[in-house]
2 protein chains.
Amino acid sequence: MSDLLWNRQPPPSRGPKPALTLDGIASAGIVIADAEGLDAVSMQRVAADLNFTKMALYRYVPGKAELVAVMSDQAMGAPPDQPKKPWREALETWANDLYRGFERHPWLLLSTVGRRLIGPNELTWTDRGLQATAGTGLNGGEQLDAIVVITGHVRTIAQQSLTMPGGTVGVTAEQITKTLIDAVTSDPDRFPGLAAALPTLGENQNEGFNFGLQRILDGLEVLVARRAKR
Amino acid sequence: MSDLLWNRQPPPSRGPKPALTLDGIASAGIVIADAEGLDAVSMQRVAADLNFTKMALYRYVPGKAELVAVMSDQAMGAPPDQPKKPWREALETWANDLYRGFERHPWLLLSTVGRRLIGPNELTWTDRGLQATAGTGLNGGEQLDAIVVITGHVRTIAQQSLTMPGGTVGVTAEQITKTLIDAVTSDPDRFPGLAAALPTLGENQNEGFNFGLQRILDGLEVLVARRAKR
DNA sequence: AGTTAACTGCGTCCACTGGACACAATAACG
DNA sequence: CGTTATTGTGTCCAGTGGACGCAGTTAACT
């Protein structure tokens, strides 16, 4: 199962030397996904880029799902080293590092949905997050929950602002706001909340990432302070 | 473009009566997705369930992507009516309603990633959210950002806890925690944050949803109070 | 050295996918 | 009535993930 992600089982001694490596295959897949989107990654395509037939890949990977899993963990990489800081700053830079990861490989947003096996790199990210929250005085479960909220926020903003090649066909942010404005102006009674908010809607442009992050951190601070008091 | 989601253009007068409706097709797709996951939804399958050929569907829908979009907006439905409450409680119930939506149709988590066109139901959800935040005194952009944070959190938790049929093959929560524990116990120096948090990890079981939500709301409250003061 | 057993990469095959296109049947209009 | 728009269908195509068996390569064992 997760052997592929964690172990690299000892190379066999008997037969001919393997011409490929799991890492090499995954790297080829990542190149394709970065350039043309996750949908462009097919066994055939990856194999062709390596000058092999697709069936050769199945000697290294049980199936496409597993290949994508390996690609994902590899593309995620290890979080960059950061000097030790107070928890709030540490979480802030952690969130920024994570966002930059999704920026580099937007398809990670697609390949890492739902419950899946955790690879070493992903676990390292979690670990760094927990190192950051260690100074809060919260218990382990709460620390993990805090990491989860922040991760969710980073993912959400990344999904909204990043254009992924190939994925759902190009929908510009302008198109979206246009349909929004069209809808509310043509039938304001149907969308009273939007109608009320519309005049002051543009005042917070592109600050969604920081807005949400600061709210979450503020909320954590409230809890931390409450705990420290007693 | 979004005509499919918003307009229903007037029925043509000339040819034979259409035997199908867009809504009917979408409903059939939803049934399949609910029962067997989004991957089981193919043109062929949907058509077969309706006792038609797949090519018949293309008279109603330009392609699969658009079908999924219509399915998504229809499955989302309109948010349930709620009595007017103070903003914090209103947001709380709004988030719970949203979670329940994902619970009913877990595949929505997959079909609504990335930038896409907004349908009327999705916009109504946003509108209700803005009605809830109207009492905060924040400007429109900030209100929208607040909605976005909460939506992201709901999605994140839903992704973690819901099992979607068909999707990435069944990985139980136990398997995940097992690899986690295996990794950290076999090499604690590599994951110091996890090693430290591990003893108190189980103390917050299944409370991730509320934990995160309360933190976000606490954070919003801080901002609202700060604004009210001046 | 010779044999055996493991292992690699490849060719072939299959069911299935989304979709283009032409064609006959249908129904309302002049 | 014919004309014309619109429907559902049949056929075709390139591409997908994957099962399976076959030949060639290589190290370990006798």
Side-chain angles (χ1 to χ4, degrees), chain A residues 3-4 7-26 28-29 32-33 36-72 107 110-111 166-169, chain B residues 3-4 7-26 28-29 32-33 36-72 107 110-111 166-169:
Chain A
D3 294 359
L4 267 192
N7 291 346
R8 28 208 72 246
Q9 51 230 38
S13 54
R14 275 302 179 93
K17 304 285 176 205
L20 295 171
T21 57
L22 183 55
D23 284 349
I25 295 172
I32 299 171
E36 301 168 50
L38 193 60
D39 287 349
V41 177
S42 75
M43 292 298 182
Q44 220 156 176
R45 180 66 197 284
V46 174
D49 282 20
L50 293 166
N51 281 318
F52 280 77
T53 42
K54 71 168 176 181
M55 290 319 289
L57 304 187
Y58 285 94
R59 295 283 172 202
Y60 301 84
V61 155
K64 198 200 175 178
E66 289 82 354
L67 171 58
V68 173
V70 175
M71 280 172 55
S72 300
W107 49 272
L110 294 170
S111 66
T168 312
V169 212
Chain B
D3 293 0
L4 268 191
N7 292 345
R8 29 209 71 244
Q9 51 229 37
S13 54
R14 274 302 178 96
K17 305 285 177 203
L20 295 171
T21 56
L22 183 56
D23 284 350
I25 295 172
I32 299 171
E36 300 168 50
L38 193 60
D39 287 349
V41 176
S42 73
M43 292 298 181
Q44 217 154 180
R45 180 66 198 286
V46 174
D49 282 21
L50 293 164
N51 281 319
F52 280 77
T53 43
K54 68 168 178 177
M55 290 318 290
L57 304 187
Y58 285 95
R59 296 284 172 201
Y60 302 83
V61 155
K64 199 200 174 179
E66 289 82 354
L67 170 59
V68 173
V70 175
M71 280 171 55
S72 300
W107 50 272
L110 295 170
S111 66
T168 312
V169 211

Which distance, rounded to the nearest 0.5 Å, do you find between the CH2 of A:W107 and the CD1 of A:I32?
11.0 Å
How many angstroms lie between CE in A:M71 and CD in A:E66, if you round to the nearest 0.5 Å?
13.0 Å
Taking all atoms of both residues into account, what is the closest heavy-atom pair of [X] and [Y], and its distance?
X: B:A19; Y: B:F52; result: CB-CZ, 3.7 Å
X: A:L57; Y: A:M43; result: CD1-O, 3.5 Å
X: B:A40; Y: B:E36; result: CB-CB, 3.6 Å
X: B:G24; Y: B:L50; result: O-CD2, 4.4 Å

Going 5' to 3' along DNA chain C, which are the first and last nucleotides with any atom under 4.0 Å from a heavy atom of chain A?
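First-to-last contact on DNA chain C, by the 4.0 Å heavy-atom rule, is C:dA5 to C:dT12.
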Which letters describe nucleotides 5-11 of chain D, given B = protein heavy atom under 4.0 Å from base, S = only from sugar-phosphate, - = neither?
BBBBBBB
Would you please name every residue forming a side-chain contact (heavy atoms from CB on, under 4.5 Å) with A:Y60, sequence neighbours left out?
A:P18, A:L20, A:I25
